[in-house]
Protein chains: 2
Amino acid sequence: MAQGPTITTIAKRAGVSIASVSRVLNGLPTRQDTVSKVMAAAEELGYVRNAVARSLKSSRTHQVAFAMADVGNPAYLAMLREIQPVLKAAGYRLVLHSTGADVADEIGVLHSLGERYVDGLIMVPLRVTDAHLRMLAAARAPVVVIGSVPEGTPVDNVRADSRTGVRLALDHLHALGRRRVGLVNGPPDTVPGAARGAGYVEALAALGLPYDKELVEIGDFYRADGRRAVAALLDRRPDIDALMCANDLIALGALDVLRAAGRRVPQDVAVVGMDDTDLAAASWPSLTSVSLGSAERGRAAAELLLDRLEDGDVAPRLVTVPPRLEVRASTAGEQAPPAGDADRPGADGAGA
Amino acid sequence: MAQGPTITTIAKRAGVSIASVSRVLNGLPTRQDTVSKVMAAAEELGYVRNAVARSLKSSRTHQVAFAMADVGNPAYLAMLREIQPVLKAAGYRLVLHSTGADVADEIGVLHSLGERYVDGLIMVPLRVTDAHLRMLAAARAPVVVIGSVPEGTPVDNVRADSRTGVRLALDHLHALGRRRVGLVNGPPDTVPGAARGAGYVEALAALGLPYDKELVEIGDFYRADGRRAVAALLDRRPDIDALMCANDLIALGALDVLRAAGRRVPQDVAVVGMDDTDLAAASWPSLTSVSLGSAERGRAAAELLLDRLEDGDVAPRLVTVPPRLEVRASTAGEQAPPAGDADRPGADGAGA
DNA sequence: CCCCACACGGTAAACGTTTACAGAAGCAGG
DNA sequence: CCTGCTTCTGTAAACGTTTACCGTGTGGGG
């Protein structure tokens, strides 16, 4: 941990000026024997370029920040997993901000762009407040927002389309002959809750089915909420034949309750989740789920940002990622074990 | 994105020297009216301190790196989720390196410490090679290794204890009256594979059970491997009454095959997983699993690193985190739906 | 043989901070 | 009114790079 060698150390040892050292290290045209002397000295000293000094001079940090509420959330995680390699390939490091559902903290991240410790930011705001919009307009570095941002906001924007996602699911259920499809939604004052609710209404209309508010139940986005909501629903409408759940955890809760009530899935009640997380493939029966393309959104955001870092002068762009329905046993189901399907690393690489 | 104001801009506007500005901004004793002038100017200009310049001068970046093979891996993710808030509370940013199981890449991360873009590193190596040890000895910043490192390596070290973990599981199964316990292990040339194999042998001996190599099957750490392995095992030893699986994915594979074969879990065959991931609580029946304390290891590592960053002169320390058995339906089981249990956020916070 | 062009390398400034040092100003005491 | 002390502030150097600019030395052409 001793004080590392600098360009000056090398210059002394090689008997040249620091300018020459810098030129050699940057591959600028230099006489051959100078090159050799410098390289030799650098080698012997184990020189490594100081990134901080370099950043100060060049005002490029080669770092990009990614800010979201919680890395533990599978949707954000899926984004992260795509963003990381894209940035890495382009020579950027990734700084992670978990803001923990705290709006003030999100604003803080935006503010901290002024510290210039990153070249750009990808952020997934929980909610877009006026404060967000003001900070986005004044941001000191390029920002890409995943989620919806009003037209005219000077940032690149990547969106999912959960309305259409719900629509896909309802079309699928309708095609399977289901006519009494319940909705187990999250809070309607959240962005996803609102969009999913709207998608449900829309889809019913498109299919010519009546909207029956007894078929809708609201809770939070967790498994226990799903259980509560579905219990209530079954109680109220025992003839229900399908459930559209606003995320996979809610759907797992639904499976718990249906099993306890002796309803077969999918024969008696078909169940669809949303987000297509790992849990969907792991559950029994495996869960049909609407993928909102988190991975694709992450990748798109990273690419937009890289583009802008290369050439900041393009107009703000909008990318919308289409949803996709992953059909599994909970709707389609022969009850066979899942095929050699989306298996994912889960080994503990650590341990002793 | 205009060129932001610097300390010099403020100095001009306030009619003082840059030294005074710096002093005010750092809260050093200063005459009151100077303070007001500087604060006013800083306010008006929307000044934000440049982190890069600051780092250069102070040789502190207030960044820490975390390097592991893959963020998607639940064990690493659990670590990350603990590390992040600890660092954040201490005023450090988190730089994430996903090395993708590439040893050269891990070495690269160690090497890049010389660039001094972080103050320290927490790393989870897949395997500890000689190259690792050399780089660790020469590291230009404090490193904490999660995993096992030979005695004498000059780094802080946090370990799990999967041998004891296997032991806990086998004790539990034995107490339930199971006597023909199979092992579905990962590759024995990996650190976790080896440790788990050793734990199995040890535990059998301690329980006075014979070691029967027909009861052991090896595959990789994925669900499909688990299915293959368990199919072979059932074929060879139809009288098997319990399965110790080297991770949760393997265990899910085991459940698939047992279900298909008409064996009831846990009545006919009890199943234990390892790592206690989200999947364990999500599966049906829910999975008894050995937690190796990933979260605790992450937290411990972060705390060790912070300690060392405060005062680099303490001797290298070793922390071993004990395993814990999470008993669920796959061994203990009434087949009731899981209680209002470890439900975790899974809502999509984005989308629209 | 001289001059010019050119390639190369060195000096110094700059990036935006922090901080050692010294000078200025204010004040109390003699 | 001077001395000496304290308190504050300004000047300048430093962190480790990159790079504009200029001087030197070489080789070739006239």
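The sequence lines fix the lettering, A, B, ..., with proteins before strands; numbering per chain opens at 1. Note that these values count all heavy atoms, side chains included, but never hydrogens, waters or copies made by symmetry. Remember, predicted model here, so these are calculated numbers, not experimental data.
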- So, is Y47(B) near the phosphate of dT17(C), with a side-chain N or O under 4.0 Å from OP1 or OP2? yes
- Item | Nucleotide of dT18(D), dG10(C), dG10(D) approaching I18(A) most closely (side-chain heavy atoms) | dT18(D)
- Message: Is S22(B) close enough to dT18(C) that one of its side-chain N or O atoms is under 4.0 Å from OP1 or OP2 there?
- Response: yes
- Query: Of the nucleotides dC8(D), dT11(C), dG10(D), which one has an atom closest to the side chain of R31(B)?
  - Reply: dC8(D)
- Flag the pair D119(A) and R308(A) as a salt bridge only when some basic side-chain nitrogen lies within less than 4.0 angstrom of an acidic carboxylate oxygen. no
- When all nucleic acid strands are considered with a 4.0 Å heavy-atom cut-off, which category describes R23(A): base, sugar-phosphate, or nothing? base
- Item | d(CG, D33(A); C1', dG9(C)) in whole Å | 11 Å
- Query: Which whole-number value in Å describes the distance from K37(A) NZ to dC8(C) P?
  - Reply: 14 Å
- Side chains of T153(B) and N157(B), donor plus acceptor under 3.5 Å: no
- Item | First of K57(B) and T34(B) reached from the 5' end of DNA chain D, by closest nucleotide | T34(B)
- Send over the distance from L56(A) CG to dT17(C) P, rounded to a whole Å. 9 Å
- Nearest to the side chain of T6(B) - dT18(D), dT17(C), dC8(D)? dT17(C)
- Are the side chains of R317(A) and L304(A) in touch, meaning some heavy atoms are under 4.5 Å apart? yes
- State, yes or no, whether a side-chain contact exists between H111(B) and V48(A) at a heavy-atom distance under 4.5 Å. yes
- Task: Could you check how far CG of L28(B) sits from C1' of dA20(C), rounded to whole Å?
- Result: 13 Å
- Message: Regarding E115(B) and R93(A), does a basic nitrogen lie under 4.0 Å from an acidic carboxylate oxygen?
- Response: yes
- Query: Starting at CZ of R60(B) and ending at P of dA14(D), how long is that distance when rounded to a whole Å?
  - Reply: 23 Å
- Task: Measure the distance from CD on Q32(A) to P on dG9(C) and round it to the nearest whole Å.
- Result: 10 Å
- Touch check for S20(B), heavy atoms < 4.0 angstrom, all strands: base, sugar-phosphate only, or nothing? sugar-phosphate
- Item | Spacing between R140(B) atom CZ and dG16(D) atom C1', to the nearest angstrom | 14 Å
- Any idea which of dT17(C), dT11(D), dT18(C) is nearest the A19(B) side chain? dT11(D)
- To the side chain of R54(B), which of dG9(C), dT17(C), dC15(C) is closest? dT17(C)
- Task: Tell me whether the OP1 or OP2 atom of dC15(D) has a side-chain N or O from N50(A) closer than 4.0 Å.
- Result: no
- Message: Within the 4.0 Å heavy-atom criterion, would you say T30(B) contacts the bases, only the backbone, or no part of the nucleic acid?
- Response: sugar-phosphate
- Message: Under the side-chain hydrogen bond (donor to acceptor under 3.5 Å, both in side chains) test against Y92(A), which residue among Q84(A), R60(A), H62(A) passes?
- Response: R60(A)
- Task: Give one of base, sugar-phosphate or nothing for V52(A), where a contact means two heavy atoms less than 4.0 Å apart.
- Result: nothing
- Task: For I7(B) and dA12(D), give me the distance from atom CD1 to atom P, rounded to whole Å.
- Result: 17 Å
